[in-house]
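Okay, structure first, notes after.
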Amino acid sequence: MRVLFVASEATPFAKTGGLADVAGALPGALARLGCEVTVVMPAYEEVFARQNLADTGIAFEVPLGALAIPARISAGSLPAAAGSPQPRWLFVGNDGFFGRPSLYGGAHAYGDNAERFIFFSRATMELAARLGEPFDIIHCHDWQTGLIPAYQKLMPTHWSAVAGARTVFTIHNMAYQGSFPGAAMPLTGLDWRYFNWQQMEAYGQLNLLKTGIVFADAVTTVSPTYAREIQASPGGCGLEGALASRGQALSGIVNGIDTDVWNPQTDTSLPRTYSAHDADAGKYAARAALAGRLGHAAPDARPLVAFVGRLAEQKGVGLVLELLHRLAGSGRAHFVVLGTGDRHTEDALKHVASLYPGTIDLLLGFDEELAHLVQAAADMLLVPSLYEPCGLTQLYALAYGTIPIVRATGGLVDTVVDANPDTLRDGTASGFVFTDFDADSLEWAVGRALAAHADGALWSGLVRRGMGQDWSWEASAKDYLRLYQRTRHAAS
Ligand code: ADP
Ligand code: GLC
């Protein structure tokens, strides 16, 4: 099976969130199952800062409205275990579009993101056609690549080398749709007649996420629960109709974790690696190292409750703020928050942290190594999301012996089992789950977790079971492979 895998970010080359973790790991897992995988992503400044890319000598011009924009293709590679098959990594370069300090512009999206990703999508088609090998599957991710299924369907003679491929479109987050003024339509090179409510238009705008949903042969999202939620309001973020009408082609496959990167037994960001057998010692060493980084003389004896993630409404950061105001004064726990977000949210966190020095530690910034250290050091991880397509931090927490406290939404439902007398008895309990999106419910769940923490035997049982769970990509990659096979079969 020859797979062209297209994403706008991938670890370790460039990352803003979980999409990068998925695109960094799933191609390798597919390669291990025998797929020949070529990954294509933009050649951002960040990629060049992290890796020496090799020029492939492939260069061409891409029409963008009336302009012709040059694209230059570079190749990269990842360190591979000996004998393990690897994907091929290709990068679409154009300094004007991608030689910038951030991937999308951060809190203030770049004004030309339509141009940038229409260019990227069209350049990927052009590249695929030039590679001279037919692909069976083109697997695209999120709005940045939403045009590719449309190009593949609507311009078959243009890129005949990929005319026989089938397209799979994976949605990682319905809230980011790549919605642009209709005036951007001519940049796509597609006829205006596709700018209608059943195809590329939504609410008067050109919608690239909808375009992918409509034209792909198969549509997936990153958990079965989210696949159901997005076919109705509010989960579908206005595209629930388009999603429901593709209901037959839509499925949910839960993300995995890259066990080469997120594994406490091998993690080089930790002062001491550990497994389920010596989790106490490993986690204590991580705590001591974190305390040192934070300028504390010694680690605090109270349970450590952490939050790691984007400081966005999606992540329930408002509930975290309210929880800190309510609980930090009680002396029952120590809190650490690692994240980045808008100024307003960061200021609100700074304010509450200033009220409780020594109880709340705030780490504002994007720091991969610290994310590993915090996951290892913490006893509990808060994931009180308003919605969560899959969520990876709760899976990392489980692997690191940190008990997740999650809201029952999306992938959090599919990955965390609430600890109650029944699930504790049958050994399925893995965390604490609450339902209503309010601070009372979160506080209640944290209260239950703190009470459980006080029971040493119960807690170490939970930690051991969480660490024993297998969330590696293997099972999910097999699901994708089956989907690829079905999609090809349906086509022939
Ligand atoms: P999302 O993709 O919605 O942000 P996920 O849970 O799927 O959520 O993935 C988030 C990823 O980004 C995880 O790898 C997490 O560790 C990482 N991350 C988020 N915020 C930070 C941060 N401030 N520093 C380092 N890593 C972060
Ligand atoms: C998105 C979602 C997150 C998911 C990630 C990777 O950013 O918000 O829930 O885990 O994509 O699929």
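Each residue takes its place number in the sequence, starting with 1. Read the numbers this way: they start at 1 and go in the same order the structure lists the ligands and their atoms.
An N or O contact shorter than 3.5 Å is missing between E368 and ligand 1 by distance. Note: an N/O pair closer than 3.5 Å links G18 and ligand 1 by distance alone. Between W262 and ligand 1, no pair of N/O atoms sits closer than 3.5 Å. Annotation: T16 places no N or O atom under 3.5 Å from an N or O atom of ligand 1; distance criterion only.
Using a 4.0 Å cut-off between a side-chain N of Lys or Arg and a carboxylate O of Asp or Glu, E368 and K15 qualify as a salt bridge. A salt bridge is defined here as a Lys NZ or Arg NE, NH1 or NH2 lying under 4.0 Å from an Asp or Glu carboxylate O, and R100 with D112 meets this definition. In summary, D278 and K283 do not engage in a salt bridge, as defined by a charged side-chain N under 4.0 Å from a carboxylate O.
Each of the atoms 2 (C), 8 (O), 9 (O) of ligand 2 lies under 4.0 Å from some heavy atom of P389. For ligand 1, the atoms sitting less than 4.0 Å from at least one non-hydrogen atom of A371 are 25 (C), 26 (N), numbered in the order shown with element in parentheses. Which parts of ligand 2 touch N173 is read off a 4.0 Å heavy-atom cut-off, strictly below it: atoms 8 (O).
Using a non-hydrogen distance threshold of 4.0 Å, G411 does not register as a contact of ligand 2.
Screening N263, D21, L395, V22 against I257 for a side chain to side chain contact (heavy atoms under 4.5 Å, CB included) leaves a single residue, L395.
Between H372 and Y400, the ring planes are perpendicular. Angles over 60° get that label, and only those under 30° would be called parallel. Between F120 and F98, the two ring planes are perpendicular [angle over 60°; tilted spans 30° to 60°].
Heavy atoms of D21 found under 4.0 angstrom from ligand 2: none, in either backbone or side chain. In L19, the part holding a heavy atom less than 4.0 Å from any atom of ligand 2 is the backbone. In H172, neither the side chain nor the backbone holds a heavy atom less than 4.0 Å from any atom of ligand 1.
For the residue pair N173 and Y387, a side-chain donor N or O sits within less than 3.5 Å of a side-chain acceptor on the partner.
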Decide yes or no on side chain to side chain contact (heavy atoms under 4.5 Å, CB included) for L90 and V39, but give the supporting numbers first. CA-CA 6 Å; L90 296 176; V39 191; over 6 Å; no
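Evaluated by nearest non-hydrogen atom to atom 25 (C) of ligand 1, the leading choice among L412, T393, D367 is D367.
Nearest protein neighbour of atom 8 (O) of ligand 2, counting heavy atoms only, is Q314 NE2, 3.0 Å. The protein non-hydrogen atom at the shortest distance from atom 9 (O) of ligand 2 is E388 OE2, 2.5 Å. Counting protein heavy atoms only, atom 4 (C) of ligand 2 is closest to G391 N, 3.6 Å. With hydrogens left out, the protein atom closest to atom 8 (O) of ligand 1 is K315 NZ, 2.9 Å, a heavy atom. Protein heavy atom at the shortest distance from atom 7 (O) of ligand 2 is H172 O, 4.1 Å.
Figure legend: R2 and F135 shown as a cation-pi pair, the cationic atom lying under 6.0 angstrom from the six-membered ring centre and within 45 degrees of its axis.
Looking only at side-chain heavy atoms (C-beta outward), F180 and N113 come within less than 4.5 Å of each other.
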